[in-house]
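Reading through the structure tokens given below for one structure.
Small disclaimer: the values here were computed from a predicted structure and weren't measured. For reference, positions follow the sequence shown, starting with 1. Hydrogens, waters and symmetry mates play no part in the numbers below; they use all other heavy atoms, side chains included.
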Amino acid sequence: MELGLVGLGKMGGNMRERIRRAGHTVIGYDRNPDVSDVHSLEELVGKLKGPRVVWVMVPAGAPTQATIDELAGLLSPGDIVVDGGNSRWTDDEKHAVELGIKGIGFVDCGVSGGVWGLENGYALMYGGDAENVAKVQPVFDALKPEGDFGSVHAGKVGAGHFAKMVHNGIEYAMMQAYAEGWELLEKVDSVTDVREVFRSWQEGTVIRSWLLDLAVNALDDDEHLDKLRGFAADSGEGRWTVEAAIDNAVPLPAITASLFARFASRQDDSPQMKMIAALRNQFGGHAVENKK
């Protein structure tokens, strides 16, 4: 099938390549002309045969809103817009209404996979009407990991991004647990090789995971994380998860504590946040702050 893809950054560029490897045609647009296939959204839409599917992969908030507003004036009834960025689920509901007035379908899709997705595939959580999802399904199949899992129609519009938001909240808590354990091991005199303790956990333990593997990668690069400043940003989804928990009276003590720990990292050079920063860089290519 044909796909228009808007946003060719760290995620979008690799997604374009993976979809093409599956035999589909992808026309990509990015404000950076060095990576773009066309010069404008208008040119992108003009090159696609109807009914069109355009996947938006730009930062959440104003950039996504502006892109969807422009596409609303370019697309035709029966076309589909997919928002694959990290938008808040409440924005999805708004976008679906705005596009629906013009007869344009909308699907939201939470995407996880970071810089590793090109080779390993992307975990996908999407929301929307079954009819609209079916039109995008070949692309979902191209992007997902091999095997039976890694892709889900989570429910109505907004369900995909809500599921991805909760996924990221869980990720916050898991990374915080590894970071706290690492700091305690580093603190005591009796443990003389913390990196190898972490490595030993990669087989046979109940806490083995891909995040643990990435922690070992980070420690192989910088055994005591001496090069990093103990600072970790938050993408916003952790905050949204906690806000949704409050709205629904669901207790999330571990996820909430992990979010607040990131806030604390902005006040001191936190050893735990060195591990959080290293893990975010490992799986997502997120920027780190090195010591000066």
Charged N to carboxylate O under 4.0 angstrom, [X] versus [Y]?
{"X": "E183", "Y": "K187", "value": "no"}
{"X": "E171", "Y": "R280", "value": "no"}
{"X": "D37", "Y": "R20", "value": "yes"}
{"X": "K274", "Y": "E186", "value": "no"}
{"X": "E98", "Y": "K94", "value": "yes"}

Which one of D213, D220, L185 satisfies the side chain to side chain contact (heavy atoms under 4.5 Å, CB included) criterion with F198?
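Checked D213, D220, L185 against F198; only one passes side chain to side chain contact (heavy atoms under 4.5 Å, CB included): L185.
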Are [X] and [Y] close enough that a side-chain donor and a side-chain acceptor fall under 3.5 Å?
{"X": "Y178", "Y": "S209", "result": "yes"}
{"X": "N168", "Y": "K164", "result": "yes"}
{"X": "S87", "Y": "D91", "result": "no"}

Parallel, tilted or perpendicular, judged at 30° and 60°: which one describes the rings of F283 and W210?
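Rings of F283 and W210: tilted, 30 to 60°.
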Can you classify the ring geometry of F162 versus W89 as parallel (below 30°), tilted (30 to 60°) or perpendicular (above 60°)?
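Rings of F162 and W89: perpendicular, over 60°.
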Does any part of the side chain of V216, heavy atoms only, come nearer than 4.5 Å to the side chain of Q202, both counted from C-beta?
yes
Are D108 and F106 packed together at the side-chain level, in the sense that at least one heavy-atom pair is separated by less than 4.5 angstrom?
yes
N290 side chain vs L228 backbone, donor-acceptor pair below 3.5 Å
no
